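Numbers for residues simply follow the sequence, beginning at 1. It should be emphasised that the depicted structure is a prediction, and the values quoted were computed from it without experimental measurement.
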Amino acid sequence: MTTARPSGPFRVGDRVQLTGPKGRLHTITLREDGELHTHHGVLRHSSLIGQPDGSVVAGSGGHEYLALRPLLRDFVMSMPRGAAIVYPKDAAQILAEADVFPGARVVEAGVGSGALSMWLLRAIGDAGSLVSFERRGEFADVARANVETFLGRSPGNWRIELGDLAEALPAAVEPGSIDRVVLDMLAPWECIDVVADALTPGGVVVCYVATATQLSRVAEYIRGTGLFTEPDANETMVRGWHVEGLAVRPDHRMVAHTGFLVWARRLAPGAVAPEQKRRASKSSYSDDDVELWTPGAVGDREITDKNLRKRVREAQRAAAGARMASAREDDDDTTTA
């Protein structure tokens, strides 16, 4: 998964984030004859090509823009989306709670728009492997293009399997061979049994769910299998601060609830975890409760086929630009050598 170092002068095909005087962002892919048109005038891409990262350039109207290569957190927030993304604050927490390490063998489902895939690929490094499961081919196309756009090429240690995880996982990996599993899906409890078979003893499963009812059900299912340690759960909220001189106060807006995380570790075959004493609670649920966990009830929004095809085209165009930039760098390295 060796990729070009994201530094040096801007090249054709690079993704560049432009910040205007009022903080408005524009993310572009550099082309030799490209132009950014705004109501402040025209900024020619040629004025950026060859400039170092962190340069300030002016458009035809005199407005200045700060030009930077997007960080991964910037990229995932502006990339084409087929499905909702895992936000950077949650991705960072997933990497921490799952203890994703260089060389880890990881499974994720579903792949969505590829946001979490990029964080996982960065964490596992060249020695690790990532298998991503996705039920919709269009989402997989968007994810592939987004990953290739950011990395400049398609990583050799990553593959996408189309199909339902509960059915496809046993055939895709050897039993007991996976170190970490991340489930970002509506009903992760449906896959816990096959995940238990795939995980190595001591391996970690992390589930990312949107609602408290989903959180309750998946935690109870994990607990009920007897195959894992006691599940832990949390949510991450980020509150920004305005800091200017003596005006130091919380921002008026904050990134609050986006999802819950629940995780547990695989026990050794035949092991029984010591019983933990806890207060009695209502852990059972009825068919009426299950109805509350349907996609419509939890606010799962369906993207239209027309809109999804547009997102696929956008992502693939960006990936083509990234391939061009990577090829140019390889040619430059060969010439220098």
Side-chain angles (χ1 to χ4, degrees), residues 86 90-91 93-101 104-112 116 120 131-133 135 164-170 172-236 257-287 289-295 297-298 300:
V86 174
D90 295 319
Q93 194 71 1
I94 288 171
L95 296 182
E97 302 296 1
D99 189 36
V100 181
F101 57 91
R105 298 158 296 182
V106 181
V107 165
E108 69 160 337
V111 71
L116 183 60
L120 291 170
V131 184
S132 303
F133 289 81
R135 290 187 295 181
D164 189 279
L165 181 74
E167 300 173 358
L169 183 60
V173 302
E174 293 293 327
S177 66
I178 300 302
D179 299 304
R180 306 290 186 259
V181 175
V182 182
L183 302 179
D184 175 15
M185 57 177 60
L186 187 68
W189 50 86
E190 296 177 351
C191 302
I192 294 299
D193 292 327
V194 295
V195 165
D197 291 338
L199 277 172
T200 187
V204 182
V205 58
V206 178
C207 302
Y208 180 59
V209 293
T211 70
T213 47
Q214 290 171 294
L215 173 64
S216 173
R217 185 168 184 185
V218 70
E220 290 298 332
Y221 194 97
I222 291 173
R223 185 177 288 125
T225 65
L227 301 175
F228 294 88
T229 60
E230 180 68 13
D232 287 308
N234 66 26
E235 65 176 327
T236 303
H257 175 77
T258 48
F260 296 103
L261 295 181
V262 55
W263 66 95
R265 301 189 67 179
R266 180 68 164 95
L267 295 173
V272 178
E275 184 177 357
Q276 295 191 7
K277 294 183 178 180
R278 64 172 67 90
R279 292 181 180 180
S281 63
K282 183 180 178 181
S283 59
S284 61
Y285 44 85
S286 65
D287 291 341
D289 296 321
V290 174
E291 183 63 26
L292 295 176
W293 295 316
T294 60
V298 300
D300 189 40

Can I get a per-line list of side-chain donor-acceptor pairs under 3.5 Å for residues 181-188, giving both atom names and the distance, sequence neighbours left out?
none

* Under the side chain to side chain contact (heavy atoms under 4.5 Å, CB included) rule, what do Thr229 and Leu267 come out as? Steps first, then yes or no, please. => CA-CA 7 Å; Thr229 60; Leu267 295 173; 3.9 Å; yes
Tell me, do [X] and [Y] make a side-chain contact under 4.5 Å, heavy atoms counted?
{"X": "Leu169", "Y": "Val131", "answer": "no"}
{"X": "Trp189", "Y": "Gln214", "answer": "yes"}
{"X": "Leu120", "Y": "Arg180", "answer": "no"}
{"X": "Val106", "Y": "Asp179", "answer": "no"}

* Asked: Considering residues at least two apart in sequence or located in another chain, which fulfil the salt bridge (Lys or Arg N to Asp or Glu O under 4.0 Å) criterion with Arg265?
  ->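 Listed in chain order: nothing, the list is empty.
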I need the minimum non-hydrogen distance between [X] and [Y], along with the two atoms involved.
{"X": "Thr200", "Y": "Gly176", "answer": "CB-O, 3.4 Å"}
{"X": "Thr258", "Y": "Tyr208", "answer": "O-OH, 3.6 Å"}
{"X": "Trp263", "Y": "Val206", "answer": "CB-CG2, 3.7 Å"}
{"X": "Ala233", "Y": "Leu215", "answer": "CB-CD1, 3.8 Å"}
{"X": "Glu174", "Y": "Ser177", "answer": "O-OG, 2.6 Å"}
{"X": "Ala264", "Y": "Ile222", "answer": "CB-CG2, 3.9 Å"}

* So Asn234 and Glu97, side chain to side chain contact (heavy atoms under 4.5 Å, CB included) or not? Walk me through it. -> CA-CA 10 Å; Asn234 66 26; Glu97 302 296 1; 3.2 Å; yes
* Any chance you could measure Thr236, atom OG1, to Phe260, atom CZ, to the nearest 0.5 Å? =>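 The distance works out to 11.0 Å.
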* Asked: CZ/Arg135 to CG/Asp164 distance, rounded to the nearest 0.5 angstrom?
  ->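 Output value for this atom pair is 5.5 Å.
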* Thinking salt bridges, do Arg217 and Glu220 make one under a 4.0 Å N-O criterion? -> no
* Check the pair Leu227 / Ile192 against side chain to side chain contact (heavy atoms under 4.5 Å, CB included), numbers first and verdict last. => CA-CA 10 Å; Leu227 301 175; Ile192 294 299; over 6 Å; no
* **Sidechain-backbone polar pair: Arg266 side chain, Leu199 backbone, donor-acceptor under 3.5 Å** =>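 Not at all, since once roles are kept as given, no pair shorter than 3.5 Å links the two residues.
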